[in-house]
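Remarks on the structure that follows.
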Amino acid sequence: MLNVGFIKLRHFSDGRGFLVPIELGSDIPFNVKRIYYIGAVDHDVIRGRHAHKALHQILICISGSVTVTLDNTIEKQEIVLDDPTIGLHIGPLVWREMAKFSVGAVLLVLASQHYDESDYLRSYEVFQGQARRLFGG
Ligand code: T46
């Protein structure tokens with residue numbers, strides 16, 4: 001899907017559990033300027049419902065599972081994140097919804113920019129106009 005990709009993170013597992021290191025500057029394909037995490041989300045709650053104009057983000061479900069629905073107006077894709085060694089890279093102009101959080105699920109997000117409300121597209125119609133200009137369709 002355009003402007004969407006996956007990153008496989010190295011991990012070290014043994015009888016004591018797992019460890020996933022993330023080296024900023026080499027493991028992530030952009031400069032990380034912000035980190036946040038989302039948790040304690042009830043199963044029937046839907047988060048997101050927006051796109052970004054320029055922001056790149058990597059979503060890693062470090063505990064439990066989360067279903068992410070992505071839409072770039074040409075394609076729509078549903079992805080279950082349930083592996084703490086997989087990062088979902090979402091670039092600009094991709095509408096995202098995060099839902100079906102399992103009990104105890106935690107979603108870690110690495111972002112390319114500081115928080116900036118003016119980078120959000122919260123109207124689907126406005127997003128659709130901009131995405132169609134970029135992707136066609
Ligand atoms: C995204 C998905 C995956 C801040 O003050 N700083 C921040 O860095 C963020 C991300 C949020 N906020 C404030 C803004 C809102 O008052 O936290 C509140 C909840 O944010 P929002 O409703 O945007 O959360 P989600 O889960 O719908 O979306 C978030 C990110 O905002 C968004 O960029 O792609 O996670």
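One is the number of the first residue; the rest follow in order along the sequence. When a ligand or atom number is given, it counts from 1 through the structure's own listing order. Because only heavy atoms are used, hydrogens play no part in the values below, and waters and symmetry mates are left out as well, while side chains stay in.
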Legend entry - Ser63 side chain to Ala105 backbone, donor-acceptor under 3.5 Å: no
Legend entry - Residues which pass salt bridge (Lys or Arg N to Asp or Glu O under 4.0 Å) with Arg34, listed by chain and number, not counting sequence neighbours: none
Legend entry - Side-chain (His43) to main-chain (Phe101) donor-acceptor, under 3.5 angstrom: yes
Legend entry - Set of residues satisfying ring pair (Phe, Tyr, Trp, His ring centres under 6.0 Å) with respect to His50, sequence neighbours excluded: His52, Tyr120
Legend entry - Residue contacts for ligand 1, heavy atom to ligand atom, distance under 4.0 Å: Arg34, Tyr36, Ile38, Arg47, Gly48, His50, His52, Gln57, Arg96, Met98, Tyr115, Tyr120, Arg122
Inset, instruction - Check the pair Asp71, Arg96 against salt bridge (charged side-chain N to carboxylate O under 4.0 Å, His left out), reporting the backbone distance first and the verdict last. - result: CA-CA 7 Å; Asp71 173 3; Arg96 82 281 320 262; over 6 Å; no
Legend entry - With Glu117 via side chain to side chain donor-acceptor pair (under 3.5 Å) - residues at least two apart: Tyr115, Arg122
